[in-house]
2 protein chains.
Amino acid sequence: MSTRFRIHDSAILYFDAVRSAASIRGAARRLNVASSAVNRQILNLETELGTRLFDRLPGGLRLTAAGEILAEHVTTVLQDAERTRSALDALAGLRTGHIEIATLEGLCQDIVPSAIKILGLQGSRITVGVDVMPTADIPDAVAAGNAHLGLAFEVRPRADLQKLASVRLQLGVVVLAKSPMARQAALTLRDCSDHQLILPRANFANREQLISTLSESDVRGRMLVDAGSITLMKQLVLNGVGISFMTRIGIEDELKTGRLVHIPLFAGRKPIVSELGLYARRGSARPIAVEAFANILTGLMATSEKADRARRNTVSKRG
Amino acid sequence: MSTRFRIHDSAILYFDAVRSAASIRGAARRLNVASSAVNRQILNLETELGTRLFDRLPGGLRLTAAGEILAEHVTTVLQDAERTRSALDALAGLRTGHIEIATLEGLCQDIVPSAIKILGLQGSRITVGVDVMPTADIPDAVAAGNAHLGLAFEVRPRADLQKLASVRLQLGVVVLAKSPMARQAALTLRDCSDHQLILPRANFANREQLISTLSESDVRGRMLVDAGSITLMKQLVLNGVGISFMTRIGIEDELKTGRLVHIPLFAGRKPIVSELGLYARRGSARPIAVEAFANILTGLMATSEKADRARRNTVSKRG
DNA sequence: CGTCGCGTTGCCGTTTCGGCATCAGGCGAT
DNA sequence: ATCGCCTGATGCCGAAACGGCAACGCGACG
């Protein structure tokens, strides 16, 4: 997670690098030092603490139980060091820091870039890193300290994660504007029987929500594409290949220009909603830049939800 | 706060020592190193961070605003290091650690020693330090990291403190068992007009509670001793010098043996109660030994409150 | 005015650290 | 089995950092 200030002993920096690289030589490459130096620091740590911190297995290292304990400490220390660094810079009148966020591809369409734009990087020393990964990996990335923030759908509560904000967004059917279905105000899954389905892949959170209401037999034969990308799903719909299920996240532009239509999906009388949440590591205070970015994201999420609710209301009126 | 394991750079240890000693040479003496070594580390830190951390004023050093920020980080790191240390020891099957508690003299009569006894130090490597100080200093000691736990009356809520437990205890009049007042079930301050008063000194939290219900004119002329010690107050009552006001804390033995009587004090129909709270530094996780000790204290506090309530109930029945 | 304690700085021996070359061992392809 | 390649570990040596000693400048106090 970029450069930190050198208040702390190199041993804990090396330890952290070895942990995340799962390899001494790999960590040494990333740190631009000789592997022997890294190795020695790890060995010193182990003798000082009187415990093995890593299991040496062919092809790399893996944390022992004691290593896990130390890793948590080191992560806490380094994150707090980063926060302290930006606090000191803020005292000197500078806006500095680095924000690392783990999120989904679809959120890079509108919310995340808008937030970065609002943050106003020009003239500051703030840098932003965006890591796109599958839903399931996002909580781990945040908990391990590889990202300050995680933005994802349907994250299960975890003791080591803190939910900073969340909104509930409507799942719906996405069709071409010229499609006859586009005139409907609301749909159930049964209404889609004549169409080819483009479903999110298993590593998408919304997949499970759809499957739970849709029986497997319904899907079989009619599922055309098992898409691992929101962009892919969107493009397939745009090309008339089929219809898809998603929230309005990731297709904001196409909805605005009217090329696509998002029709709320119902299971009986209840709308199917998906929870978009913003998460951080529990317990550790966040650098001011990260806090500011989180606030911006929270605001944008609320705006999205408001737009979603408005949409749902007009639907109710019509239906 | 005793020895820590040397995972971390000596610079932050030196910084912490200088901060608490408010002096470089003083810190050097405590650390058993040359003052020049300490000085150099501080200067290095300042150049690395690009800010002055201490104001050099004749007679010692004082933290600057930047120094305060770094101090908070260092305190967090060192406390978490200590917790990690004990967690690693626990993993190795050892019970180790150090518990530093800041409290009042009166609580050393029964609750604190009972808790230490229950902790069962024999056979373990756990050590306990008890620091007795005025009520007002206890929150600061905990917030600054000089003590893990603080046990005191009527602590005002602070953002950097966390209340782990609290009980409300009855304030009352303490008289000799042979005194005619001893037969009363409840008293108001007016009932005490014929007696010489032994009041807690201004640095005791309960003083303010009494003064707020007692007008200054009531006190003047009848106050005999302005006592800065619970033991002193107790002994004065035992010697027939006057009557005193306090909770049942600190005179448990004398109440049990029947030499003294504690009569609940009322302001009108409302009993006057004082809140005894157990506090820790906000945000930082506590070492397991500290956590265990805090739990024991919490239990004892609850027991005290239960006894106090029972006493109050019997009073209500009689009155 | 001298003295005392303070933080600071130059000098120097010791310790620590990092880079290089090397060794021993596991894995996979040949 | 061999060979190549990767891994972590270990001597060796120059460089950098650290700590101890002595001395300096400065302000406070008597």
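Keep in mind the model is a prediction, meaning the values are calculated, not measured. When reading the values below, keep in mind they use all heavy atoms of this one structure, side chains included, and skip hydrogens, waters and symmetry mates.
Within residues 50-57 of chain A, the residues having any heavy atom under 4.0 Å from DNA chain D are, by residue number, Arg56(A). Residues of residues 19-28 of chain B having a heavy atom closer than 4.0 Å to DNA chain C, listed by number: Ser23(B), Ile24(B), Arg25(B).
Between the C1' atom of dC18(D) and the CG atom of Leu31(B) lies a distance of 14 Å, rounded to the nearest Å. dG7(C) atom P lies 12 Å from atom CD of Glu46(B), rounded to whole Å. For Asn44(A) and dT15(C), the CG to P distance is 15 Å, given to the nearest whole Å. Rounded to an integer number of Å, the gap from Asn39(A) CG to dC6(D) C1' is 15 Å. We find that CG of Leu61(A) is positioned 15 Å from P of dG26(C), with the value rounded to whole Å. In this structure, Glu48(A) places its CD atom 10 Å from P of dT16(C), rounding to the nearest Å.
Counting only residues at least two apart or in different chains, salt bridge (charged side-chain N to carboxylate O under 4.0 Å, His left out) contacts with residues 132-145 of chain B comprise Asp140(B)-Arg158(B). A side chain to side chain donor-acceptor pair (under 3.5 Å) check over residues 26-40 of chain B, counting only residues at least two apart or in different chains, returns the pairs Ser20(B)-Arg30(B).
Inter-residue side-chain proximity for Leu45(B) and Phe54(B) is flagged as unmet; no heavy-atom pair is nearer than 4.5 Å. Looking at Leu63(A) and Leu70(A), their side chains never come closer than 4.5 Å, going by heavy atoms from C-beta outward. Residues Thr84(A) and Thr76(B) have side chains not in contact (no heavy-atom distance under 4.5 Å, counting atoms from C-beta outward).
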Stepwise side-chain hydrogen bond (donor to acceptor under 3.5 Å, both in side chains) test for Glu82(A) and His98(A): CA-CA 9 Å; Glu82(A) 189 187 353; His98(A) 180 74; over 6 Å; no
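A salt bridge links Glu46(A) and Arg56(A); the closest N-O separation between the charged side-chain nitrogens and carboxylate oxygens is under 4.0 Å.
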So which protein nitrogen or oxygen atoms get under 3.5 Å of nucleotides 19-22 of chain D's nitrogens or oxygens?
unit_1, atom_1, unit_2, atom_2, d
dG19(D), OP1, Tyr14(B), OH, 2.9
dG19(D), OP2, Gln41(B), NE2, 3.3
dG20(D), OP2, Ala34(B), N, 2.5
dG20(D), N7, Ser36(B), OG, 3.4
dG20(D), O6, Arg40(B), NH2, 2.5
dC21(D), N4, Ser36(B), OG, 2.8

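Looking at residues two or more places apart in sequence or on another chain, you find a salt bridge (charged side-chain N to carboxylate O under 4.0 Å, His left out) between Asp89(B) and Arg85(B).
With DNA chain D read from its 5' end, the first of the two nearest nucleotides for Pro58(A) and Leu43(A) is the one closest to Pro58(A).
The two residues Leu149(A) and Phe293(A) come nearest to each other via the heavy atoms CD1-CD2, 3.9 Å. Scanning all heavy atoms of the two residues, the minimum distance from Leu161(A) to Pro139(A) falls at CD1-CB, 3.6 Å.
Judged purely by distance below 3.5 Å, without hydrogens or angles, the side chains of Asp9(B) and His8(A) never pair a donor atom with an acceptor atom.
In this structure, Arg62(B) reaches neither bases nor backbone, as no heavy-atom distance under 4.0 Å exists between it and the strands shown.
A sub-4.0 Å separation between OP1 or OP2 of dC6(C) and a side-chain N or O of Arg29(B) is present.
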